[in-house]
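Here is the naming used below: chain letters follow the sequence lines, and residue numbers restart at 1 for every chain.
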4 protein chains.
Amino acid sequence: MSRSTGRHFLQIPGPTNVPLSVLAAIAQPTIDHRGPDFRHLALEVLGGIAEIFKTQSPVVIYPSSGTGAWEAALVNTLSPGDKVLMAETGHFATLWRNIARRLGLEVEFVPGDWRRGAVAAELESHLAEDRAHRVKAVAVVHNETSTGAVSNIARVRRALDDAHHPALLMVDTISSLASIDYRHDEWQVDVTVGGSQKGLMLPPGLAFNAISDKARAASRDARLPRAYWDWGDMLAANADGYFPYTPATNLLQGLKVALELLREEGLPAVFARHDRAAEATRRCVRHWGLEIWCDEPADYSSSLTAARMPEGHSADALRADILGQASVSLGNGLGRLADRVFRIGHLGDFNDASILGALAAIESALLSRGVPAQAGGVSQAISYFAQKRRPMRAAAE
Amino acid sequence: MSRSTGRHFLQIPGPTNVPLSVLAAIAQPTIDHRGPDFRHLALEVLGGIAEIFKTQSPVVIYPSSGTGAWEAALVNTLSPGDKVLMAETGHFATLWRNIARRLGLEVEFVPGDWRRGAVAAELESHLAEDRAHRVKAVAVVHNETSTGAVSNIARVRRALDDAHHPALLMVDTISSLASIDYRHDEWQVDVTVGGSQKGLMLPPGLAFNAISDKARAASRDARLPRAYWDWGDMLAANADGYFPYTPATNLLQGLKVALELLREEGLPAVFARHDRAAEATRRCVRHWGLEIWCDEPADYSSSLTAARMPEGHSADALRADILGQASVSLGNGLGRLADRVFRIGHLGDFNDASILGALAAIESALLSRGVPAQAGGVSQAISYFAQKRRPMRAAAE
Amino acid sequence: MSRSTGRHFLQIPGPTNVPLSVLAAIAQPTIDHRGPDFRHLALEVLGGIAEIFKTQSPVVIYPSSGTGAWEAALVNTLSPGDKVLMAETGHFATLWRNIARRLGLEVEFVPGDWRRGAVAAELESHLAEDRAHRVKAVAVVHNETSTGAVSNIARVRRALDDAHHPALLMVDTISSLASIDYRHDEWQVDVTVGGSQKGLMLPPGLAFNAISDKARAASRDARLPRAYWDWGDMLAANADGYFPYTPATNLLQGLKVALELLREEGLPAVFARHDRAAEATRRCVRHWGLEIWCDEPADYSSSLTAARMPEGHSADALRADILGQASVSLGNGLGRLADRVFRIGHLGDFNDASILGALAAIESALLSRGVPAQAGGVSQAISYFAQKRRPMRAAAE
Amino acid sequence: MSRSTGRHFLQIPGPTNVPLSVLAAIAQPTIDHRGPDFRHLALEVLGGIAEIFKTQSPVVIYPSSGTGAWEAALVNTLSPGDKVLMAETGHFATLWRNIARRLGLEVEFVPGDWRRGAVAAELESHLAEDRAHRVKAVAVVHNETSTGAVSNIARVRRALDDAHHPALLMVDTISSLASIDYRHDEWQVDVTVGGSQKGLMLPPGLAFNAISDKARAASRDARLPRAYWDWGDMLAANADGYFPYTPATNLLQGLKVALELLREEGLPAVFARHDRAAEATRRCVRHWGLEIWCDEPADYSSSLTAARMPEGHSADALRADILGQASVSLGNGLGRLADRVFRIGHLGDFNDASILGALAAIESALLSRGVPAQAGGVSQAISYFAQKRRPMRAAAE
C-alpha cells in the first residue's frame, strides 16, 4: 500500500499508544543494574506500581510478557495436582487454563458464552460444593480482552467469603490495570497479574504479580518447580532496590515516567477518561447498527469494545482496509471470534481527537466497503463528548 | 487545565506535525560541520531540496526563519530606492512589504481584500503602465497563510511576459512548498522563498532561497548592504558541501529524512493527499454553516482553510476550548482577522484519521459552546473520504 | 556527588553501551504485534539472529533475562531427576547450577577455582565414567562474566565425542555472543543460551535459545512442566512471523538495527575489535602491577578483564570513586570475588577513545587513592593501539 | 573507512557534544509558537539565558548562526560610514571585520599575530588618539576560536574608561559563553554576541545579543537598514513571551534543558571544570613536545587548545587519521593556520574520561604516524586529574 503518513493510531486493546515522554525515557542510555542510579529507579517504580494496584503488599516485576506472570502466579503458590477453579470468559481465560493444565494442575473450568464477565453466583455454587476444599485457587480475568467484558471481582470475593472457602483468589488485570478501577487490597485478591503494554502505556516486556500475605505464605509450601519466577529471590533482592537477575532496565526507566503521568492525571480522572471514551464508542457502534459483542451492559468494558460484523462481511478485511487507508490498527477477533468481530481499543494514552479520528476512520471504511451500516455514528460520539465535557482546571494554567 | 493525554494534533497551518523519524534524525548527535560526514549530508540535502522546488538552479539554506529568507531575496537582488510591486493578499504579504520598506525599497502595494489570491490582471496593468521599468521586482505570496488563498503564479508569470516587463519575479512558498504544486523553473520564478516548518515537515529554523540565473546576475549589481544573507559566499561554499558559517546541522539531518519521505511518497501523491484533505475540510465547514474565508473557489488553498466565526462568537475562545478539551491546536486569526477566523491546517504529515479527529474535535466544541452551527459536518468529511479513497498499491507490501 | 557531565561510560561487562541508533529504534512507537509490519520485523530478526549464533537451526527469542533462557534450555529438554554435568567456572556457572537443582535435576558440578575456563579433560573423564549415560546434558558457560575466563567449547564437544556420550551439550554465551567467536552448528551445541544486553548492544529484556534438531527431539519426551518457555508453541508461531504471546516488540525493533550494525561491521571485524581492546586492557593492567584474575592466558576473555585489587584496598571503593569522578561504571566482584576484583567491560559498542578514556579514568583513581600501582599503564595501551591499527577501508568513503 | 563504532567524540571547539537530555528535548514534537505552552517556554528561556550572560538586560534570541548575531550587533547600533575599532586576534576577528566592511562601516583593525588576545593598551592608545570620537564601537572577540587565546574584556573596558571614550563595546563570546567566566553587566559591555553550539551544549541554530541600555538607545538613531535583526520588534514581542516571526521552537526546547543543566552544575563549577580540562590538555601537549599555539600564558583559553604540528607534518592528515581510527573529531587550522595546527575542544559537555580518551587517541595517532612527539603526554593529564580532583558532594547523593 502507499506510504503511510501521519501518526499511526494503535487502537488495538493493547499494546497501546506509548506517550512520547515514555518512549524517550526508554531510549535513555542503559545503566548499570548494580549501580546507585538503578537502585533509586528500582525503589521508585516498585513503590509507584503498588499504588496502581492499590495495595500495600509488594509487587514483583518480571522481564516477561503477561503470560509469564500468569505462570508465576501459579508456580509460586500451587503444587502438582492442585485444583484451580477458573471461569471461561473468553480467549484469554482459556489460555490461562491451558497454562495451568500444562503445569500439572487440575482445572475446573466454569463454562461461559464469551459474551459477559464471570458469573460470581456460579463460582460460588462450585465453591459451596467443594466441602473438602480441594480447590486451592480461583482464577478470574478481570477484563477479558477478547470480548470486552468485565468480571465483578468484588462479587467474586464475596462468593469466596460467603462459601467460607479458603482458596486463593487470582485475578488477571492485564487489560484493565490503570484503565478500570481495580483494588488488590480492598478486594483481598491474593495474586494480581498485570502487564506493561496496556493502561500503563508502556511497550510490552514487563509483567507483574501483586502478592498478598496469604499468597506469600502459600508460596512457602508450594511444590511446583520454579526458579525464574520465584518470588522469594525477587522480594529479597527488591528490598534493597536490586533484582536477582538483570532486569529490563530501559523499560523500567519508561515505567518511572508512566507512573508520573498517571499520578499527575490521578487514577479517578484516568478511569473517568476511559469510561467516557467507552460510552462514546458504544453510542457510535450502536448507531452504525453493529452489535456490541458483550451482551451484558453491566459488564461493558471501559478499555475496549468488540463490535460484531454483519454476517457475510469479514472483520479482518475491514481492519486491513482501515489500516491501509487511515493508519488505524484495530484488534482482530481471537479464537472462536476470528474474523467475526473487530475490537476497538480505547485505553492507555488517548484523547477526544484520537478516539474520534479512529471511529471516523472506521465509519469511512464501513461506508466505502458497502458494509450494511448507518452513517452518522461518529456524530453520536461527537455529541456525547460535547455534552459530557472533560473537567478543566481553573484558569491557573 | 487537566493534563493533556494522547498525541497533540498540531493543526495550525505551520509549524506542522513533524514525523517521528524526522525528529529522531534531528536528535542524532551533532556532527563536525567541517568533516566528511557533514559534507555528504550537505550535498545530499542541497540536491534534494532543489527537486522539491522543481528547479535545476541552486537553492540556498539559511539557519533562519522564513522572514529571513524574505529579506535575503530582497537584499541580494535590489539596491536602495528600487521599486517593488507587491500584491496585498493578506497578513504575510503585508509583513513582506514592511520588510521591503525597512530596507529602503519603494513598494507599490496592489490593494486586496484578503479573501483571494493576487489578481494577475491587476499586476499586469501596473506593469504595463511602468514603461520606464522602474519596478525591479514583483513579489507575490503563493499561499497566503493568513487567509487560505492561493495566487496563480503561472498567471503572474504570464502577466510579466505579456507586459514585456524585465522585473524579477519573487514568490513566497513558505506554506505551499511540498503541499501545493509549485514550479520554480517552469514558471521562471527568480527567487522563491521557503521555510522548513510547513510541507517539509521539519521544525522551524531553516529557510530557503531558490535562485534563477537572472537573480544571480542581478545580485552582482545589487547595492543593498548584505553579509549574512549573501548568496555569493553561500553558493561558493555549498559547491563543496560546506557553508560559510556554522549551519543548523541537526535540522539538516532532519531535512535529509524529510526529503526521503517526500521522495518515497512522490510529490504528485503528496499534492493529491493535500487536495483531498482540503476538500473534506471545506465540506465539513460548509455543512456546519460557517463561511470559508477565501471567497474565490479557484483560489482555495490545499494547505489550510480559514473558517469565519459567526458574529458575536470569539474564534480564540473556541480555539482555547478545543486545545483544552481535545489537544488540537488551530491557527488564530492574524492582523485584521484576529478573533474572527480560525485556521485549520491540513498540511505536512497527516492522514485520514488525524484530519477527521481534528474536525470532530472542532465540531464537538462548536456544539458544546452553543455556537450556531449544524451538527454533521464531520459526517460529510467521512463520506467524502469514503467516496474518494486513497490509491493503494497492489497486495505486494 | 556533583552532577555528572559528559557521556557515561558503561564499562561493566554487560549491559553494554547501546548505540544511539539502536536506542532510537527502540523508541519508535509500539506497533501491533499481530499486524503485517510486525510480521516483517519478526521474520527479519529471527533470520538475522541465527547468523550471529552461526546456525541453520531456529533461535527462539523470549521476553526475559538470560536467566530465563537458562531455565528454558533445561525445562524443554529434561525430565525430573535427570542428571546434568556442569563445570564450576565461576559465579554464573554456579547460578545456572542452582536453577537446575531447583527444577528438580541432579547436578554433577565439576569443581573449579574460578580462574580459568572449563577443563575439557575433566569433563571427559566424568563422561567416560558415566557408562550408563545417566548424564543427559553437559552445561558449560562459554565466557564466565564473573572472572573473564573463556571455556573452549570445541574441546568440550570433542570430549563428548571422544567419550561417545549422547548427552546434550548446552552452552551459555550470554557475555560472548557477538564479541567472541561462537559456532553453534560447527561445535554441535544443542542449546545455546544468549541475552540481548552484551555483544548484541541492546538493553536487557530479550533472551535466546538456539536449538539443534537433537534438542528438539529431546523436547518431545522431556517431562519437566513448561508453558511460557515451551519451544513448541514458539516455533510454530515463529514460522509465520508471530509469537504465542505478546513479544517485547520495541526491543525487537532495536534488535533489527543491532543486527544491521553487526552485519555492516562483519563478525570477523567485530571479534578482532574485541581482541584488540582486550589485549590493550591487559597490557595496561599488567603495567599497573595488578593481577589479571584469569590465570590461564589461553582462556583470557576478549569481552572483559577482571583485575585483582591489592590486598587491603577495596575494589568497590575504587569503583565508586571512578564513577563519581569520571562517570565510568566498572563491574563489581561477584560471589566470592566481592570487593576483591573489579571488572572492565570491553564489549559491545566501543572504540579506541572510549576504551582508553575508561582505562585512563581508572589509572587516575588508582593514583589519587594511593593504591600501589605503577603509573603509565594507559601509555602501554596507547602504544599497543598505535602499533596494531584498525584496518581502514580505501579512500572511497 | 571501517564502520565507526562507539560514541563519537566531537572534540572540535564547537559545535560540542550535546547532552542526550538536550537532544531528547529538541526531539519533542513541535508546538504552536503562538500557544500558551510556547509562551511559558519562551519566558523561561529568555530569563534563563540572561543569567548565563550575567546581565539584567534583555537578551534576544535569533534563529541564526553566530555570524548573524555579529551582523545584528552592528546593524542595530550603527549607521553607514561609522567607524569601528577592532582587534585582530585571529580568523574570527577577521571575519567579523569583513562583515562590518560589507555593511558599509569603516573598520580600524588593530593588527595582531594571532597568538594572543587583544592588547588592551593598544586599543586604548587608538581610542586616546580619537579625540573626535569618530569611533562608534569597539569590537573584540573574547575567546578566539581559531587560536585558543582569550582577550581580557575587563581590561578593554578599562581602556575605554581611561580614554573617556563613549564608543559602544561589543564582544563576541561565541566560544566562551558558559565555559569561561563572562560578565556582561559588570564589564559594561553594550552588545554581547553568543551562539548555541558551544558552552551552551546545543546544536547550532540559535544566536544571541545581550543588549545594554546604552546599546538600545543607540539603536534608536542607527541608520543601517535592518528588519530581520531588528531589536525593537523582538523585544516588544518577547515581553509577552512571543516572537515577531516563527522562532526555532525545537532548539528553544533544548535550550530550556541546557539551562537547567548549567544551573544544576552551577556556573562556578562549570568554569572550574573547563579550567581543569584545559590545564590537563596543555600538560599533555607540552609533554608531547608540541607547541601550544597561544604564546601568552595569561591568555590561554579554557575552551580549546590549538597545538602546532611539527614542520613537515600535516595537521589535517593527523586529524583524518584520528577520526578514522578512534572516532574523535578535532578542529582544523583556519585561515593562515590551515594544516599547521589542530585544535582540541575541551568545552561543553565532557568529563575526565572523555577528555582523556580524546587525548589518548591523539597520542596513539602521533606515535603510529611517526610524528616527532614524546610518548607519555596522556600520563601527564592523568596525573594532573589525579592530583586536582573534582569536588564531590557529601555521601548524600
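Contacts with chain B were tallied for A:Gly348, A:Gly357, A:Gly266; A:Gly357 has the most, counting heavy-atom pairs under 4.5 Å. With chain A as partner, the option from B:Ala365, B:Ala386, B:Ala353, B:Ser368 having the largest number of non-hydrogen pairs under 4.5 angstrom is B:Ala353. Between chain B and the residues A:Leu356, A:Val270, A:Ile355, the most heavy-atom pairs under 4.5 angstrom are made by A:Leu356. For the set A:Pro19, A:Ala326, A:Ala361, the count of heavy-atom pairs under 4.5 angstrom toward chain B peaks at A:Ala326.
The parts of B:Glu363 that come within reach of chain A are both its backbone and its side chain, each placing non-hydrogen atoms under 4.5 angstrom from that chain. Heavy atoms of B:Val18 lying under 4.5 Å from chain A belong exclusively to its backbone. In this structure, the portion of A:Phe350 lying under 4.5 Å from any heavy atom of chain B is its backbone and not its side chain.
Here the straight-line distance linking atom CZ of B:Phe9 with atom OG of A:Ser354 works out to 5.5 Å at 0.5 Å rounding. Taking CD1 of B:Ile362 as the start and CD1 of A:Ile382 as the end, the distance is 10.5 Å to the nearest 0.5 Å. The line from CZ of A:Arg390 to OG of B:Ser4 is 7.5 Å long, rounded to the nearest 0.5 Å. Atom CG of B:Asp352 sits about 8.0 Å away from atom OG1 of A:Thr5, to the nearest 0.5 Å. Note that the CZ atom of B:Arg7 and the CG atom of A:Leu20 stand 4.5 Å from one another [nearest 0.5 Å].
Across all their heavy atoms, A:Gly6 and B:Asp349 have their closest contact at N-OD1, 2.8 Å.
A 4.5 Å side-chain heavy-atom check between A:Phe385 and B:Leu367 finds every atom pair outside the cut-off.
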